[in-house]
Amino acid sequence: MKFDILVIGGGPCGATAASELAEKGFKVALLDRAGRIKPCGGAIPPILIDEFDIPETQLVAKVNTARMISPSFREVDIPIENGFVGMVDREHFDEFLRTRAAEKGAYRLTGTFQKIDRSGNFPKIHYKDKLSGKKETILARLVIGADGARSNVARSEIPNGTDIPYVIAYHEIISAPKKGANHSYDPKRCDVVYNGTISPDFYGWVFPHGEQASVGMGTGVEGVDLKKATKILRHNSGLADCETIRKEGAPIPLKPLEKWDNGLDVLVAGDAAGVVAPSSGEGIYYAMAAGREAAYAANKFLLSQDVRDLALARKRFMKKHKTVFKVLGAMQNAYYRSDERRERFVSLCNDIDVQKITFESYMHKKLTRKRPLAHIKIMIKNVLHLTGLVKATTG
């Protein structure tokens, strides 16, 4: 089989790239190993719903509040003004995106990437068919690797493709408690838990999924017992007795690669390129945005045959999002290193200026410039909290 593009990985990034390229009339194959559900809280902002035309039927819940919980169990509720955050279940959301790509013309294959052979006129991609178990080949002018963190495509084809720091995320999908059965759980609220007992360098979460909920945590520290930490989180949240439906774990990258292409015929995007937001660990929007930019670069490259066009994917993505990534990275480095600092971070979240700017930035995916004085105030407050000149409120 011969295609213009082979997209490897059918998550939000790969499915988006395949969908947009197929819609432009290219012959696209989408190779996905299937049967895997990524551990993910499932939060998507309104900008994603609008930009990528996500139907409301894909939303399993709508969240109107985020609750930050400190090591001393202090709770700070941040209301989501003038909107909501949608929640999706990756088991169904990813398949919806793959199906939509197929409806637009992408040819679906089920299997795992093995290697690229360039001995002929066209790159020959070897993969193992999941259904038959046989080794198969496919010809494609361009490969887009969207095969997740620790991507096999990036490892084999992209310079420094293994140099991505990451945390290991683990969560349990549980049956949500019935209304009135648990007073701390709210089906319209996301709980974010900053506690070294749960995670020494990241956070834990309780995210509603309608009749279900995602309870999990992430860490980059070796030796942490993820299942034990999640058990503690469930106990502290009053969810220990809820039925466990499934358990999932996977690495989540925390820094974009310096180069997304091999200067020849391969481009990576999404988790494979490291585009998960630091501090928050948010990845769905950035994966789909990266998939869109990969499709843009692929389109340019296939029409021009100029390999320099492949670099457009990273260039365009970072132009739009590098400032947010830089700020979130600095926040994680400053506040996630100890429970004392996590306590100060939650105190900072109680500030109205922080709340408004945080959610404007989250909902619209840019650092707002509407209130310059508020930004200055936040910088001053941030310094005061980090230096200890402002005492963190506990309890």
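Only this structure's heavy atoms are used, side chains among them; waters, hydrogens and symmetry mates stay out. All values reported here derive from a predicted model rather than from experimental measurement.
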Return the minimal non-hydrogen interatomic distance between [X] and [Y], and the atom names on each side.
X: Ala29; Y: Ile138; answer: CB-CD1, 3.7 Å
X: Leu226; Y: Tyr170; answer: CD2-CB, 3.4 Å
X: Ala146; Y: Cys13; answer: CB-SG, 4.0 Å
X: Leu257; Y: Asn160; answer: CD2-O, 3.3 Å
X: Ala229; Y: Thr197; answer: CB-O, 4.3 Å
X: His209; Y: Val60; answer: CA-CG2, 3.6 Å

Is the shortest distance from a Lys or Arg side-chain nitrogen in [X] or [Y] to a carboxylate oxygen in the other one below 4.0 Å?
X: Asp191; Y: Arg189; answer: yes
X: Glu103; Y: Arg100; answer: no
X: Glu293; Y: Lys319; answer: no
X: Asp186; Y: Arg67; answer: no
X: Lys38; Y: Asp94; answer: no
X: Asp339; Y: Arg341; answer: no
X: Arg141; Y: Asp4; answer: yes

Counting only heavy atoms not in [X], do more than 12 fall under 6.0 Å of its [atom1]?
X: His126; atom1: NE2; result: yes
X: Asn121; atom1: CG; result: no
X: Arg108; atom1: CZ; result: yes
X: Gln305; atom1: CD; result: yes
X: Asp117; atom1: CG; result: yes
X: Glu51; atom1: CD; result: yes
X: Lys300; atom1: NZ; result: no
X: Arg246; atom1: CZ; result: yes

Close side-chain approach of [X] and [Y], heavy atoms under 4.5 Å:
X: Ser72; Y: Glu343; answer: yes
X: Lys188; Y: Phe84; answer: no
X: Trp205; Y: Ser214; answer: yes
X: Glu258; Y: Arg314; answer: yes
X: Ser347; Y: Arg74; answer: yes
X: Ile78; Y: Cys349; answer: yes
X: Arg342; Y: Tyr203; answer: no
X: Trp260; Y: Val275; answer: yes

For the backbone of [Y] and the side chain of [X], can you confirm whether one donor and one acceptor N or O come within less than 3.5 Å of each other?
X: Ser280; Y: Glu282; result: yes
X: Ser199; Y: Gly204; result: no
X: Arg118; Y: Pro123; result: no
X: Lys27; Y: Lys2; result: yes
X: Asn299; Y: Ala295; result: no

Practice prompt. Please report the C-alpha distance between Val224 and Phe202 in whole Å, then the side-chain angles of each, then the deciding distance to 0.1 Å, and finally whether the side chain to side chain contact (heavy atoms under 4.5 Å, CB included) criterion is met.
Written response: CA-CA 12 Å; Val224 174; Phe202 207 56; over 6 Å; no
Practice prompt. List the steps and the verdict of side chain to side chain contact (heavy atoms under 4.5 Å, CB included) for Cys242 and Tyr185.
Written response: CA-CA 12 Å; Cys242 294; Tyr185 178 81; over 6 Å; no
Hydrophobic clustering (ILVMFWY, side-chain heavy atoms < 4.5 Å, transitive) - are [Y] and [X] grouped together?
X: Val153; Y: Phe3; value: yes
X: Ile37; Y: Val88; value: no
X: Leu310; Y: Tyr296; value: no
X: Val221; Y: Val193; value: yes
X: Leu48; Y: Phe96; value: yes

Fill in: Evaluation steps, side chain to side chain contact (heavy atoms under 4.5 Å, CB included), between Val63 and Phe207
CA-CA 9 Å; Val63 170; Phe207 287 178; over 6 Å; no
Worksheet entry | Phe325 ring center near Tyr286 ring center (under 6.0 Å) | yes
How long is the gap from [atom1] on [X] to [atom2] on [Y], to the nearest 0.5 Å?
X: Ile8; Y: Ile125; atom1: CD1; atom2: CD1; answer: 6.5 Å
X: Ile174; Y: Thr230; atom1: CD1; atom2: OG1; answer: 11.0 Å
X: Asn152; Y: Gln114; atom1: CG; atom2: CD; answer: 10.0 Å
X: Lys128; Y: Thr112; atom1: NZ; atom2: OG1; answer: 7.0 Å
X: Phe93; Y: Arg98; atom1: CZ; atom2: CZ; answer: 11.0 Å
X: Lys259; Y: Asp261; atom1: NZ; atom2: CG; answer: 4.0 Å

Discussion item. If we count only N and O atoms by modelled type, under 3.5 Å, do the side chains of Ser279 and Tyr336 hold a donor and an acceptor together?
Written reply: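 Result is yes, a qualifying pair exists.
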Item to complete: Test side chain to side chain contact (heavy atoms under 4.5 Å, CB included) on Glu91 and Glu95 and set out the steps.
Response: CA-CA 7 Å; Glu91 179 181 13; Glu95 179 58 23; over 6 Å; no
